[in-house]
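Note that ligands are numbered from 1 as they come in the structure, with each ligand's atoms numbered from 1 the same way. Note that the coordinates shown come from a computational prediction; the quantities given were computed from them, not determined experimentally. Numbering of residues begins at 1 and proceeds along the displayed sequence.
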Amino acid sequence: MTTKVNTVTGRLTAEDLGRTLIHEHVMVGFPGWFMDARMPAFHRDEAIARVVDAFQELHGHGVRTVIDPCPMDLGRDVEFIAEVSQKSGVNLICATGVYVESMGIPYTLKDLPIDAIAEGFVKEIEQGVADTGIRCGVIKIATDDGKVTPYERKMLTAAAKAAKITGVPLISHTENCSCGHDQIDIAIGAGLPASSLIVGHSDGRDDHEYQKSLADRGAYVGFDRFGLEMMISDAIRIKNLKALVDCGHKDRVMVSHDTVNCWQGGYNGGDPADLQKSLPNWRMTHLFENIFPELKRMGMTQEDLDHIVIENPRRYFDEAAKAG
Ligand SMILES: [Zn+2]
């Protein structure tokens, strides 16, 4: 069976994805982003041009595909993503699904039955978002710090159901390296293998045992915030990534930066340009320019790194399709 993957510009086979980053954002706008009038105005054409430049630079590093797991409630704009893909030549995969309750928009879905929520996710995967015809290729799930709220549990259950129906994989947001096992439990409860899930942001604490415990169950472990060094340093991420590979889990490692290439509104009450200035390595090319050379100095080969950015993403889509 040849796995078909939905991108914002059409369908590809999993083999055609090539070198892939699994978690970068074309654009983000937190709920109510337009309500803080002090923040810079949003200019679509200027934003498109800036984001296209960044993706063309990434293309120069051989990256052919990027997953943008922006959930429905963080200013997701699939036509914006499609325009960036067409102009940059990078395949982009967009997401259906929702964010954590505390930072998302729970009002509309929270009282719907699980089947109705799943039906909406399936519609965005099989027919497309609204009437754009742009189909989602992954389902975003998200849990808060140390607890899964009843709303989040409901959304995760609906997402797992939609994944089972469509054969599209799950990609997650976690807070402070917690609740990864709850996410896996819910996926397995819906009849999916743990390999249908990337447990995102699992690099946010210096905790090899946690990372290994996710991989031991078969889930993909997201080392997906390289360059975002306000909570933890890249040196610790590198050490833990290498440790996971050294204990036999090269097949379970996924890498990315969780960059936001364009903001609608502010971030935490501040101008995102200031945030970007304080994080000079938080760019989509950082892995190729700085992190991979360091991993090679520690003994990893180009073959190992290609395995992580080519083979693992291909297998992730293949295995999810088989489980659907
Ligand atoms: Zn993200």
Subject >> Residues which pass salt bridge (charged side-chain N to carboxylate O under 4.0 Å, His left out) with Asp115, listed by chain and number, not counting sequence neighbours >> reply: Lys161

Original post:
Heavy atoms, side chains only, cut-off 4.5 Å: are Arg283 and Phe226 in contact?
Top reply: no

Subject >> salt_bridge(Lys212, Asp246) N-O dist < 4.0 Å >> reply: no

Original post:
If you measure only the distance, is there a donor-acceptor pair under 3.5 Å linking the side chains of Arg217 and His181?
Top reply: yes

Original post:
Can Asn281 and His257 be counted as having a side-chain donor-acceptor contact under 3.5 angstrom?
Top reply: no

Original post:
Parallel under 30°, tilted from 30 to 60°, perpendicular over 60°: which one fits the rings of Phe42 and Phe80?
Top reply: tilted

Original post:
Protein N/O/S atoms under 2.8 Å from the Zn ion (ligand 1): how many?
Top reply: 3

